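Numbers restart at 1 for each chain; the letters A, B, ... are given by sequence-line order, proteins then strands. Please read these numbers as outputs of a predicted model, since none were measured by experiment.
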Amino acid sequence: MTSSTGIGASLLRKEDQRFLMGRGNYVSDIKRPGMTMGAFLRSPHAHARILAIRSDAALAMPGVLAVLTGEDLRADGVGGLPCAWPVTGKGGAPTKEPTHPPLAQDKVRHVGDPVAFIIAESLLQARNAAEAVEVDYEALPAVGGVLEAIKPGAPAVFEDIPDNVCVDWELGDKAATDAAFQGAAHVARISLVNNRLVGNPMEPRAAIGEYDSSREHYTLWTTSQFPHIVKLLMGNFVLGIAQHKLRVVSPDVGGGFGVKQFHYAEEALVTWGSRRVGRPVKWVAERSEGFISDAHGRDHVTEAEMALSEDGHFLGLRVRTIANMGGYLSTFGPNIPTNLYGPLLAGVYTTPAIYCEVKAVFTNTVPVDAYRGAGRPEATFVLERLVDVAAAELGIDRAEIRRRNMIPPGAYPYQTPVMMEYDSGDPGGCLAKALLKADWDGFAQRKGQSAARGKLRGIGLCTYVEACGLAPSRIAASLGVRGGLFESAAVRVHPTGEVTVLMGSHNHGQGHETTFAQIASELLGIPADKVEIVFGDTDRVQFGLGTYGSRSLAVGGSALVKATNKVITKGKKIAAHMFEAAEADIEFKDGSFTVAGTDRHKPFAEIALSAHFPVNFPLETLEPGLEEQAFYDPVNFTFPCGAHIAELEIDPETGTVELLSYIAVDDIGTVINPMIVEGQIVGGIVQGIGQALYEDCIYDQESGQLLSGSFMDYCLPRADNFPLISVETNITACTHNPLGSKGCGELGTIGSPATVINAVVDALSHLGVNHVDMPATPNRLWRIIANAGAAPVVP
Amino acid sequence: MRTFEYLRPATLQEALGSLSGLANSKPMAGGMTLIPAMKMRLSTPARLVDLGGLEELRGIRVDAAAVTVGASSTHESVANSALVRAAIPALCEVAGGIGDPQVRNRGTLGGSIANNDPAADYPAALLGLDAQVLTTRRTLSAAEFFVGLFDTALGDGELITAVRFPVPAAAAYEKFKSPASRYAMVGVFAARTAGGVRVAVTGAGAGVFRAGVIEAALEEKFSVDALTSLRFPSDGLNTDIHADAQYCAHLVGVLARRAVARILYVGRR
Amino acid sequence: MHISLTVNGKSVQADVAPEELLSDLLRERLGLTGTHVGCDTSQCGACVVHVDGRSVKSCTVLAVALQGSTVTSIEAVASAAGLHPMQKAFHENHGLQCGFCTPGMVMSALDYAARNPDPSAESVRHWLEGNFCRCTGYQNIVAAILAGAAAMSERAKELGK
C-alpha cells in the first residue's frame, strides 16, 4: 500500500513546489515591521593596528541609527566567538584559542575583518555611512600562507603566539611506522598542496535580529545549518542571553556545504544591534563580502611517504601536514585538519602502521573551517595520490596495487591503526564494478585514438572511505568536542492520522522533507503526503544538532526511526485497550494494528483518533495523545566507501582539460530515495571536480590581499564544464544504526579531486610527471608540458 | 550604488546636452559593465544619461562594402542577424560569445567598445577588420579609437553612433576564455582584408593590439604552416592569477593558427 | 522618478530612486521575492527575469529605465492550472536542490526553449553560462530543460491543432 512512497522509492520531492513557484522563504526574503538595515565596514588590511575610529560624521548622516565598534562590544560585555572543537596536541598541549571578537578590537587580522557595524533606515544609507567612518590603521607585516607563517621571525598574527602555531597534533604509532619504513623495499614520496576553497553556496549569508523589549526576548533569523547550536553558542558565550529568551530560525537556506555551520559574528551583531537600536536589524551579505567573511576550506601543505614491500604491499604511511586556520579560530576550525583528517589516512587499505603530524597555524586570512568533505577529501587526496605514485614507481597497475592492499570483505569490522573501526564496507566490489563500467582494460585503445587527434588522454582511479554520520558523542568528546553530537526527532500524530515530524537536522537542499517523510511513510504505513517535516526553528523543534558531516540520515534518520517506533509502541497500547487484548498480541503492519492470529484490525488513523478522544482510557496506565520524541546518539561513525574513475583529454597546445567521463560506484548503506541520492552524489562530484580543475582561493602571500575575491576570479564550475556523470551503488548496510544508512552528502567531494588529478597525471605520465597540484588549470598544465619539452616555451 | 541623477533623453541632441550639462556625467548603454561597477562604487557618476531611448543609435545596415552596426545594437541582435552572418559571419561569432545569454540580451556594441576592457571581444573585431568608429563628432579608425587600458579617444560629451565594419575576404575569431570570468584570456581575430592580413589580439595585453609578426608571416604565406615555428613574444603581456605572460604569448600563437585554419578550411569568411 | 510598467500581467506605478535595480523593485517594493540575488558581478543568474520577452539579469537593470516595459518573474510562470511544463520538468527530473538558483534557472530555461527549436544537451550547457548552481552539478538541470522544452513544443503543437 505504501511501497510507492516508502523506503527505496524515487519519490519526487515534496519541497519542490514552493521553490519552483518562487515562494521559498529565505532569510533575505523576510521583512519585519520597523526593520532597519545593517552594513559592515571591513578591514582593507590583512594585519593592522586600529589606532582610532571616528564615526561622528557617519552618525550625523541621514537615516543612520548606530555605528557600532569593538569598543561598544567591550562596553556591553559581549564575548568572543567560541571555538566548539579544540583538540589536544602533542604532549597534551591544548589548542591555543585567542579571543575572536565579533568586531575587531585593537587589531584587524584579515582582509574583511569587521571593524564597524552601521545600522540605518535603508541599506543605501548604511553603506553611505560605512564609507564615512574613518579608521586610522597602522599597517603591520602580514602573513598569508602556512609555510610563511611558520618561518622563524614571521609576523605573529597574535602577539602571544609568536610562532603562529595553534596546535601541533599527532596521531598513530610513530615508532611502529618508523620501523615499517626501515624494513621497506621501496618508499614512495609526495609533496602536495590542497588548495584553499571558498564554499560559495548560491544564497549569500544573511541574518535578522529582533529584540522584543516587552518580553525581553530575542529572535534571530539566520542562514544556518544548525540553528540550535547558534542559539547555544551565541546566547550562552557571546551575548549572554538566557536560552528561553532566544529563538533562532533558519527557514529555507540556499545551500550550505559547511559554510553555514559556524556561528558567525554577523549573527551576534544583528541580534545585539537590534537591542541597541530597539528595532529589527537585517544584514545580507553581498557575494564579494562573502568571499572575505565566509569561512574558507582546505588549505593544506603536505609531505607524505609510503613504505612498500617489493610486491607493492603497503607497510607504513607517514604524513606531515601544515594546515591553515586563518586569522581566528572558526567554530570547528582545529577539528577539521586533525580528527577529520588523520583517521582517514588508512583509506580502504590494510596499511598496518600510520603516523600523522599536523601543525595548524594562524595566518592573516579568513578563518578556515569545514567545507563539504572537511578533512576527508584532504586525507583521500594524500593517500590516493601517493598510491598512484607508488604504483608507477613499482610498475604495478593502479587497480591491482589497490586490490592487493584492500581490506578484504571478511575482515569487517576492521580496526585501522588510526582510531577508526570500520563496521562494514565493500570497496573491492565498488572497484570491480567501476573498472568494468569504465572499461579500464580498453583504455589503451582509447588513448591511441586520442593521440591520433593530438590529445593526451588519461584515466584516473581513486578509492575512498569517509567517516561520517557525525558523531558518537562518547568518541567525539574524547576528541575534544564541547557538546553532544546526537540528533533528535519528534513525531506528532494528529487526531486524523496525519503526521508532523520535527527534526533537529536542517534541510538546505538535501531533500529531507521527502526522505524523512518516506521513512515515516514506510514505518507507519501511511502515504508520504500525509507527513510534514518541520525543521529550522528552535521554538518549534526540540533541541537538535543540525546538518553537516553527512549526518542527517544516519543520525537524524535513526532518531526518526526511534521516535516512530515509540509511536507504534504507544499505538499498540491503545489498540490493545480498544481490542481488549494483551499488548503483546498486537502487531503493527502495513498501517494497521492487528490482534495476532485474528482478522481484528484497526488502521493507524483510527488509533490516532482514539488517542485524542480517550473516552474510556485507563488513565493510570495509558496517557492520551500520540506524540513521541527521540534522541539518537550513534555508537560509531558510519563509513561510506567507493571507487571513482575519471577519463579525460588534455589539449597539449593549450593545457585545457576536457573531462570525458566520470563513473562513481559508492557504498552508502541503505538508500531511502535513489533519485535524491544520485543528486547529492553528482552535486558533490562536481564540487570536487571544481577543486581539482577550477577553484582556487588565492591570497597574495605578502600583502595578505585576497586575489580571487569574486566570481570574476574565483572559478565556480559551470554547466559546460562537465560530461554526464554516472552514479551507481554497491551497498552493504551500516551495522549499527536502524536504517543501515551511511550517508552520501560529502562523498563526491571526497573521491573526485584525487580521481581527476590521478587522470591528469596519467595523461602526462609519459613526460615523467608524477604529481600536479590543484587546480589543474590550463596555464599550469601547459607549463608542465612545456617544461617537459613537449611544447615550446616562448621567450 | 551611490545615488545619481538619471536622464533618458529622446534624441541624440538632447543626450549630448545632458552629458555636457554636469561634470561627472556618464552615458549608459546596456549597463552590463557600468551597473556592476556602480554597485561596487568603483564608478560613481553624478548623472547617468541612458542612451536606450535613442533611435539614432539603432539598426544594422549592410551593403557590399561594409556592415554598419548602430551603437545600441545588442550582442544578441548582432549574433543573430542574418544580414551580418551573410556578410561577416565572424562578427556574429564575436557577438555570440560575449558574456552569457542575459548579458547579450542587453549589452551593446557601443557600450563594449567605449569601455574598452582589455579582455573584451569586440575590440579585436574592430581592430582586426579595420573598422571605423562613427561618433557624434568624427570618424575614427579602430587603431585611433582604442587608446589604452579602459581608455578610448572619445572626448567628453562625444558619443559613438555606429561602427562600420568593412567586409573582409575572410575572417575568424578564436577565443580562449578565462575560466572564471569567461572574458577572453586571449582572443585572436584574424582577417584577410583589402588592406592585407590583419590579426588583432585581445585579452593578452593592456588593450587590444595587432600582432605584427603574425601578420607579416601570414602576408608571406597565408597558411597554418607559416605560423608553426613562429614564437610570439611575451614582452608586455599580462601576468595575473589565471595566466602568465608566456602562456598568453603562447596562446596568441595557438589561436592565430586556429583562426587561420578556420578561414582556410571551414568557412570562406 | 515615476515609472509605469507591467509586472506579471499587472500594471504597476512606482516612484523609484535612480539607483533602484529591477531586482530591488521586484523584491523590496513588490514583494516578489522569488527573484534572488546571488552575486554582485552579474554572473550567477539567480536574478534572471524576462523583460519584454527576453531573459535579463534583474540585478543589472535600473528600474527607472523600464518605463513602459513588460516584466515577467518566476511568480507568474505557473498558472491556475498548475505548474508550467518547464517547472514540472524541473520537479520530475530533480533539477533543484536548495532552490535558490531555481527561479533564475527556470526563467533562463524558458528563454532557451523559446529560442532553440532544436534543443540539445550541449547547447543547454552552453546556454547556462550565466546561471550558476552549486548543488546539483547541473546534470539534472540540463535533463529538466530538455524535458521542459520538449513538453513545451508538444504543447505548442497541440494548441496549433
Exercise. Got a donor-acceptor contact below 3.5 angstrom from the B:Lys39 side chain to the C:Cys59 backbone?
Worked result: yes
For this session: Determine the minimum heavy-atom distance between C:Pro18 and B:Tyr6, stating which atoms define it.
Result: CB-CB, 3.9 Å
Exercise. Less than 4.0 Å between a side-chain N and a carboxylate O, is that true for C:Glu19 and B:Arg2?
Worked result: no
Exercise. Counting N and O atoms only, with roles assigned by atom type, does the side chain of B:Asn105 sit under 3.5 Å from a partner on the main chain of C:Arg54, one being a donor and the other an acceptor?
Worked result: no
Problem set entry | Value rounded to 0.5 Å, distance of CZ in B:Arg106 from NZ in C:Lys57 | 13.0 Å
Exercise. Checking heavy atoms, do the side chain of B:Met40, its backbone, both or neither come under 4.5 Å from chain C?
Worked result: side chain
Exercise. Relative to chain C, which segment of B:Met28 carries a heavy atom at a distance below 4.5 Å: side chain, backbone, both, or neither?
Worked result: side chain
Exercise. For C:Ala65, is it the side chain, the backbone, both or neither that has a heavy atom under 4.5 Å from a heavy atom of chain B?
Worked result: both
Problem set entry | Within 6.0 Å of CD in C:Gln13, more than 12 heavy atoms from elsewhere | yes
For this session: Below 4.5 Å from any heavy atom of chain C, which atoms of B:Leu34 appear? Answer side chain, backbone, both or neither.
Result: neither
Exercise. Going through the distances and angles, do C:Gln43 and B:Asp100 end up as a side chain to side chain contact (heavy atoms under 4.5 Å, CB included)?
Worked result: CA-CA 8 Å; C:Gln43 289 175 281; B:Asp100 56 51; 5.7 Å; no
Problem set entry | Neighbour count above 12 (heavy atom, 6.0 Å) for C:Lys88 NZ | no
Problem set entry | Steps toward side chain to side chain contact (heavy atoms under 4.5 Å, CB included) verdict (C:Met1, B:Arg8) | CA-CA 11 Å; C:Met1 298 181 77; B:Arg8 189 177 169 95; over 6 Å; no
For this session: Evaluate whether atom CD of B:Gln13 has more than 12 neighbouring non-hydrogen atoms of other residues, nucleotides or ligands under 6.0 angstrom away.
Result: no
Exercise. Above 12 or not: heavy atoms from other molecules or residues under 6.0 Å from CZ of B:Arg41?
Worked result: yes
Exercise. Side chains of B:Ile35 and C:Leu62: closer than 4.5 Å at any heavy-atom pair?
Worked result: yes
Exercise. More than 12 heavy atoms of other residues, nucleotides or ligands under 6.0 Å from CG of B:Asp156: is that the case?
Worked result: no
For this session: Among C:Val48, C:Asp40, C:Thr60, single out the residue with the greatest number of heavy-atom pairs under 4.5 Å to chain B.
Result: C:Thr60
Exercise. With side chains defined as the heavy atoms from C-beta onward, is the minimum distance between C:Met107 and B:Gln102 less than 4.5 Å?
Worked result: no
Problem set entry | B:Asn24, CG: over 12 other non-hydrogen atoms inside 6.0 angstrom | yes
